[in-house]
A.B. asks: 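Have a look at this one.
Quick caveat, the model's predicted, so the values are computed rather than measured. Heavy-atom basis, side chains included; hydrogens, waters and symmetry copies ignored.
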Amino acid sequence: MKARILKVIFLLAVPGAGAFAQNTPAPYAYNVTVTVTAPSGSAGTGLPKTQPTNTRFSPCSLASALDQLTLTVKYDAGKTSENKRDVYVFFHKPDAVGTAKDPKFFSVTKRSTAVPYLITARTDQAALTTNRTIDRYVTAANNLGGAITEVVLGGNTVLEGLPTGTWQAIAIIADSTEVDFDDPGTWLAWDVASFVLGKPWLGKRNTVCL
(Lines give C-alpha, C1' and ligand atoms only; values in the text may rest on other atoms or scores of the structure.)
Protein backbone atom coordinates (compact mmCIF):
# COMPACT_ATOMS: atom_id res chain seq x y z
CA MET A 1 0.00 0.00 0.00
CA LYS A 2 2.81 2.43 0.90
CA ALA A 3 4.52 1.81 -2.47
CA ARG A 4 1.25 2.52 -4.32
CA ILE A 5 0.76 5.81 -2.45
CA LEU A 6 4.31 6.90 -3.28
CA LYS A 7 3.71 6.09 -6.95
CA VAL A 8 0.56 8.23 -7.01
CA ILE A 9 2.39 11.11 -5.32
CA PHE A 10 5.16 10.87 -7.94
CA LEU A 11 2.72 10.96 -10.85
CA LEU A 12 0.94 13.99 -9.40
CA ALA A 13 4.16 15.82 -8.59
CA VAL A 14 5.96 15.37 -11.91
CA PRO A 15 4.29 17.22 -14.85
CA GLY A 16 3.50 14.84 -17.69
CA ALA A 17 4.66 11.74 -15.80
CA GLY A 18 1.19 10.19 -15.77
CA ALA A 19 0.64 10.85 -19.45
CA PHE A 20 4.03 9.35 -20.28
CA ALA A 21 3.26 6.20 -18.33
CA GLN A 22 -0.13 5.79 -20.02
CA ASN A 23 1.06 6.48 -23.59
CA THR A 24 4.07 4.17 -23.74
CA PRO A 25 3.50 2.25 -27.01
CA ALA A 26 3.10 -1.52 -26.82
CA PRO A 27 5.64 -3.67 -28.69
CA TYR A 28 4.73 -4.24 -32.34
CA ALA A 29 2.93 -7.55 -32.97
CA TYR A 30 5.29 -9.13 -35.50
CA ASN A 31 4.11 -12.45 -36.93
CA VAL A 32 5.00 -14.90 -39.68
CA THR A 33 3.49 -18.18 -40.91
CA VAL A 34 4.96 -20.73 -43.32
CA THR A 35 2.72 -23.19 -45.17
CA VAL A 36 3.72 -26.05 -47.49
CA THR A 37 1.04 -27.45 -49.81
CA ALA A 38 0.94 -29.92 -52.68
CA PRO A 39 -0.46 -28.27 -55.84
CA SER A 40 -3.22 -30.01 -57.74
CA GLY A 41 -1.89 -32.72 -60.06
CA SER A 42 1.43 -33.09 -58.25
CA ALA A 43 2.76 -36.37 -56.85
CA GLY A 44 1.96 -35.23 -53.32
CA THR A 45 -1.81 -35.16 -53.86
CA GLY A 46 -4.15 -38.12 -53.50
CA LEU A 47 -1.63 -40.18 -51.55
CA PRO A 48 -2.67 -43.62 -50.21
CA LYS A 49 -3.40 -43.90 -46.49
CA THR A 50 -0.22 -45.93 -46.01
CA GLN A 51 1.91 -42.84 -46.65
CA PRO A 52 2.56 -39.84 -44.35
CA THR A 53 -0.31 -37.50 -43.52
CA ASN A 54 1.03 -35.40 -40.60
CA THR A 55 3.88 -34.00 -42.72
CA ARG A 56 3.64 -32.83 -46.33
CA PHE A 57 5.10 -35.65 -48.43
CA SER A 58 6.14 -36.14 -52.04
CA PRO A 59 7.06 -39.74 -53.00
CA CYS A 60 9.78 -39.01 -55.59
CA SER A 61 8.89 -42.28 -57.33
CA LEU A 62 5.86 -41.70 -59.55
CA ALA A 63 6.56 -41.56 -63.25
CA SER A 64 3.01 -40.36 -63.81
CA ALA A 65 3.21 -37.24 -61.64
CA LEU A 66 5.73 -34.47 -60.93
CA ASP A 67 7.16 -33.85 -57.47
CA GLN A 68 6.28 -30.24 -56.69
CA LEU A 69 5.31 -28.31 -53.56
CA THR A 70 4.18 -24.74 -52.95
CA LEU A 71 5.71 -22.70 -50.14
CA THR A 72 3.63 -19.76 -48.94
CA VAL A 73 4.80 -17.22 -46.38
CA LYS A 74 2.48 -14.78 -44.64
CA TYR A 75 4.15 -12.09 -42.57
CA ASP A 76 3.70 -8.77 -40.84
CA ALA A 77 7.16 -7.28 -40.32
CA GLY A 78 6.09 -3.77 -39.37
CA LYS A 79 4.20 -0.81 -40.83
CA THR A 80 6.32 2.28 -40.28
CA SER A 81 9.95 3.15 -40.81
CA GLU A 82 10.42 2.92 -37.04
CA ASN A 83 9.14 -0.63 -36.64
CA LYS A 84 9.77 -2.32 -40.00
CA ARG A 85 12.18 -5.24 -39.76
CA ASP A 86 13.84 -7.74 -42.09
CA VAL A 87 12.36 -11.07 -43.24
CA TYR A 88 14.41 -14.22 -43.80
CA VAL A 89 13.41 -17.44 -45.60
CA PHE A 90 15.59 -20.56 -45.45
CA PHE A 91 15.45 -24.17 -46.55
CA HIS A 92 17.13 -26.41 -43.96
CA LYS A 93 18.40 -29.96 -44.57
CA PRO A 94 18.97 -31.62 -41.15
CA ASP A 95 20.70 -34.65 -42.77
CA ALA A 96 23.44 -32.47 -44.27
CA VAL A 97 26.95 -32.50 -42.82
CA GLY A 98 27.38 -28.73 -42.92
CA THR A 99 30.23 -28.35 -45.41
CA ALA A 100 30.67 -26.54 -48.71
CA LYS A 101 29.83 -29.78 -50.55
CA ASP A 102 26.93 -30.66 -48.24
CA PRO A 103 25.45 -27.41 -46.82
CA LYS A 104 22.72 -27.41 -44.22
CA PHE A 105 20.95 -24.24 -45.37
CA PHE A 106 19.78 -22.48 -48.51
CA SER A 107 18.79 -18.83 -48.14
CA VAL A 108 16.16 -17.30 -50.44
CA THR A 109 16.57 -13.64 -51.40
CA LYS A 110 14.16 -11.55 -53.46
CA ARG A 111 15.90 -9.53 -56.16
CA SER A 112 14.95 -6.46 -58.16
CA THR A 113 16.80 -7.56 -61.30
CA ALA A 114 15.84 -9.90 -64.15
CA VAL A 115 16.53 -12.82 -61.77
CA PRO A 116 13.69 -12.47 -59.24
CA TYR A 117 15.13 -14.84 -56.62
CA LEU A 118 18.59 -15.85 -55.49
CA ILE A 119 19.18 -19.12 -53.63
CA THR A 120 22.48 -19.32 -51.76
CA ALA A 121 23.96 -22.34 -49.99
CA ARG A 122 25.18 -21.75 -46.43
CA THR A 123 27.11 -24.39 -44.51
CA ASP A 124 25.70 -23.85 -41.01
CA GLN A 125 24.09 -21.41 -38.56
CA ALA A 126 27.31 -19.44 -38.13
CA ALA A 127 27.40 -18.83 -41.89
CA LEU A 128 23.82 -17.55 -41.75
CA THR A 129 24.73 -15.04 -39.05
CA THR A 130 27.86 -13.94 -40.93
CA ASN A 131 25.75 -13.23 -44.03
CA ARG A 132 22.72 -11.82 -42.22
CA THR A 133 22.71 -8.56 -44.22
CA ILE A 134 23.13 -10.41 -47.54
CA ASP A 135 20.59 -13.22 -47.14
CA ARG A 136 17.50 -11.17 -46.28
CA TYR A 137 14.40 -12.38 -48.14
CA VAL A 138 12.86 -8.92 -47.82
CA THR A 139 14.77 -6.00 -46.34
CA ALA A 140 13.07 -3.61 -43.95
CA ALA A 141 13.55 -0.85 -46.56
CA ASN A 142 11.68 -2.88 -49.21
CA ASN A 143 8.89 -4.02 -46.89
CA LEU A 144 5.57 -2.52 -48.00
CA GLY A 145 4.25 -2.89 -44.45
CA GLY A 146 1.35 -4.67 -42.80
CA ALA A 147 0.10 -8.20 -43.52
CA ILE A 148 1.60 -9.66 -46.70
CA THR A 149 1.03 -13.10 -48.23
CA GLU A 150 3.15 -14.42 -51.08
CA VAL A 151 4.34 -17.63 -52.70
CA VAL A 152 8.09 -18.08 -52.26
CA LEU A 153 9.94 -18.49 -55.59
CA GLY A 154 6.85 -17.20 -57.36
CA GLY A 155 5.09 -20.54 -57.83
CA ASN A 156 5.38 -24.29 -57.43
CA THR A 157 8.83 -25.50 -56.37
CA VAL A 158 10.23 -28.31 -58.51
CA LEU A 159 11.72 -31.00 -56.26
CA GLU A 160 13.32 -33.36 -58.77
CA GLY A 161 17.09 -33.41 -58.24
CA LEU A 162 16.95 -32.49 -54.55
CA PRO A 163 18.28 -34.88 -51.87
CA THR A 164 15.64 -37.11 -50.32
CA GLY A 165 14.81 -36.94 -46.62
CA THR A 166 13.25 -34.40 -44.30
CA TRP A 167 13.43 -30.70 -45.13
CA GLN A 168 12.34 -27.60 -43.26
CA ALA A 169 11.07 -24.31 -44.64
CA ILE A 170 11.83 -21.56 -42.10
CA ALA A 171 10.82 -17.90 -41.97
CA ILE A 172 12.20 -15.43 -39.42
CA ILE A 173 11.51 -11.76 -38.75
CA ALA A 174 14.48 -10.01 -37.14
CA ASP A 175 16.69 -6.94 -37.16
CA SER A 176 19.61 -7.68 -39.49
CA THR A 177 21.95 -5.63 -37.30
CA GLU A 178 21.26 -7.78 -34.24
CA VAL A 179 20.07 -11.23 -35.33
CA ASP A 180 22.00 -14.34 -34.29
CA PHE A 181 20.67 -17.48 -35.95
CA ASP A 182 21.85 -19.59 -33.02
CA ASP A 183 19.89 -17.42 -30.57
CA PRO A 184 16.08 -17.34 -31.05
CA GLY A 185 15.97 -14.61 -28.42
CA THR A 186 17.08 -12.25 -31.23
CA TRP A 187 14.16 -13.27 -33.45
CA LEU A 188 10.99 -11.16 -33.36
CA ALA A 189 8.80 -13.90 -34.88
CA TRP A 190 9.41 -17.19 -36.66
CA ASP A 191 7.76 -20.29 -38.07
CA VAL A 192 8.82 -23.62 -39.56
CA ALA A 193 7.06 -26.13 -41.82
CA SER A 194 8.51 -29.56 -42.58
CA PHE A 195 8.19 -31.68 -45.70
CA VAL A 196 9.55 -35.09 -46.67
CA LEU A 197 10.91 -36.17 -50.05
CA GLY A 198 10.90 -39.91 -50.71
CA LYS A 199 11.73 -41.04 -47.18
CA PRO A 200 12.36 -39.41 -43.79
CA TRP A 201 16.19 -39.58 -44.03
CA LEU A 202 18.84 -39.44 -46.74
CA GLY A 203 20.28 -42.93 -46.22
CA LYS A 204 22.71 -44.67 -48.59
CA ARG A 205 20.38 -45.47 -51.49
CA ASN A 206 17.58 -43.58 -53.27
CA THR A 207 19.21 -40.34 -52.18
CA VAL A 208 17.82 -38.11 -54.95
CA CYS A 209 14.21 -37.15 -55.68
CA LEU A 210 13.46 -38.41 -59.20
Side-chain angles (χ1 to χ4, degrees), residues 19-37 39 56 68-94 96 98-100 102-159 162 167-195:
F20 176 79
Q22 294 176 3
N23 295 328
T24 301
Y28 191 82
Y30 298 99
N31 62 84
V32 62
T33 303
V34 180
T35 306
V36 178
T37 57
R56 184 60 62 186
Q68 295 187 11
L69 293 174
T70 304
L71 172 63
T72 303
V73 59
K74 180 178 181 180
Y75 61 90
D76 187 335
K79 291 183 179 180
T80 68
S81 58
E82 289 76 19
N83 58 34
K84 285 182 180 180
R85 296 297 182 265
D86 305 287
V87 181
Y88 296 87
V89 173
F90 304 115
F91 289 103
H92 175 222
K93 186 69 172 66
T99 63
D102 190 16
K104 282 185 172 291
F105 296 92
F106 297 87
S107 66
V108 183
T109 305
K110 291 179 70 173
R111 306 291 297 275
S112 57
T113 61
V115 180
Y117 294 91
L118 176 66
I119 299 179
T120 307
R122 300 296 183 198
T123 54
D124 53 21
Q125 293 93 327
L128 293 183
T129 300
T130 298
N131 294 280
R132 61 190 182 182
T133 60
I134 300 173
D135 289 345
R136 291 174 288 182
Y137 176 71
V138 176
T139 65
N142 288 337
N143 176 13
L144 291 176
I148 297 173
T149 301
E150 57 191 49
V151 177
V152 178
L153 302 180
N156 303 333
T157 302
V158 176
L159 306 173
L162 291 179
W167 287 77
Q168 295 174 324
I170 301 167
I172 297 172
I173 296 174
D175 185 334
S176 62
T177 65
E178 301 177 356
V179 65
D180 178 347
F181 290 107
D182 243 351
D183 181 5
T186 66
W187 311 349
L188 298 168
W190 64 285
D191 195 25
V192 56
S194 298
F195 57 95

A.B. asks: With sequence neighbours left out, which residue pairs that include part of residues 171-195 fulfil the salt bridge (charged side-chain N to carboxylate O under 4.0 Å, His left out) condition?
C.D. replies: none

A.B. asks: Surrounding NZ of Lys110 (heavy atoms of other residues, nucleotides or ligands, distance under 6.0 Å), is the total greater than 12?
C.D. replies: yes

A.B. asks: At what distance, to the nearest 0.5 angstrom, does CD1 of Ile170 lie from OH of Tyr88?
C.D. replies: 14.0 Å

A.B. asks: Would you say the side-chain atoms of Asp86 pair up with the backbone N or O of Ser176, donor to acceptor, closer than 3.5 Å?
C.D. replies: yes

A.B. asks: Taking all non-hydrogen atoms of both residues into account, name the closest pair between Arg132 and Thr177 and its distance.
C.D. replies: NH2-O, 3.3 Å

A.B. asks: Please examine the side chains of Phe90 and Phe181, heavy atoms only from C-beta on, and report whether any two atoms are closer than 4.5 Å.
C.D. replies: yes

A.B. asks: Quick check: closest heavy atoms across Pro103 and Ala96, and the distance to 0.1 Å?
C.D. replies: O-CB, 3.2 Å

A.B. asks: When you compare the side chain of Ile134 with that of Arg122, does any pair of heavy atoms fall below 4.5 Å?
C.D. replies: yes

A.B. asks: Out of curiosity, Ile172 CD1 to Leu128 CG, how far, rounded to the nearest 0.5 Å?
C.D. replies: 8.0 Å

A.B. asks: Taking all non-hydrogen atoms of both residues, which atom of Lys93 and which atom of Trp167 are closest, and how far apart?
C.D. replies: CD-CE2, 3.3 Å

A.B. asks: Do the side chains of Val73 and Val32 get nearer than 4.5 Å, heavy atoms only?
C.D. replies: yes

A.B. asks: Examine distances only and state if a side-chain atom of Asn142 and a backbone atom of Val138 form a donor-acceptor pair shorter than 3.5 Å.
C.D. replies: no

A.B. asks: If you measure from CZ on Phe91 to CG on Leu162, what distance do you get to the nearest 0.5 Å?
C.D. replies: 8.5 Å

A.B. asks: Would you name the heavy atoms of Asn143 and Ala77 that are closest together and state the gap between them?
C.D. replies: ND2-O, 3.3 Å

A.B. asks: Check for a donor-acceptor pair, side chain of Arg56 on one end and backbone N or O of Phe195 on the other, with a separation under 3.5 Å.
C.D. replies: no

A.B. asks: Is it true that a side-chain atom of Lys104 and a backbone atom of Pro94 form a donor plus acceptor pair closer than 3.5 Å?
C.D. replies: yes

A.B. asks: Decide whether Asp135 and Thr109 meet the rule of one side-chain donor and one side-chain acceptor closer than 3.5 Å.
C.D. replies: no

A.B. asks: Side chains of Thr70 and Val151: closer than 4.5 Å at any heavy-atom pair?
C.D. replies: yes

A.B. asks: I need the minimum non-hydrogen distance between Val179 and Trp187, along with the two atoms involved.
C.D. replies: CG2-CD1, 3.8 Å

A.B. asks: Looking only at the side chains, is there a donor atom on one of Asp76 and Tyr28 sitting less than 3.5 Å from an acceptor on the other?
C.D. replies: yes

A.B. asks: Go through the steps for Leu69 and Leu159 under the test side-chain contact (heavy atoms from CB on, under 4.5 Å), then give the verdict.
C.D. replies: CA-CA 7 Å; Leu69 293 174; Leu159 306 173; 3.6 Å; yes

A.B. asks: Do Asn83 and Tyr30 pass the side-chain contact (heavy atoms from CB on, under 4.5 Å) test, and can you show the C-alpha distance, the side-chain angles, and the key distance before you say yes or no?
C.D. replies: CA-CA 9 Å; Asn83 58 34; Tyr30 298 99; 3.5 Å; yes

A.B. asks: For the residue pair Arg111 and Pro116, establish whether any side-chain heavy-atom pair is separated by less than 4.5 Å.
C.D. replies: no

A.B. asks: Measure across Lys84 and Lys79 and return the closest heavy-atom pair with its distance rounded to 0.1 Å.
C.D. replies: CE-O, 3.5 Å

A.B. asks: In the structure I gave you, are the side-chain heavy atoms of Leu71 and Leu153 within less than 4.5 Å of one another anywhere?
C.D. replies: no

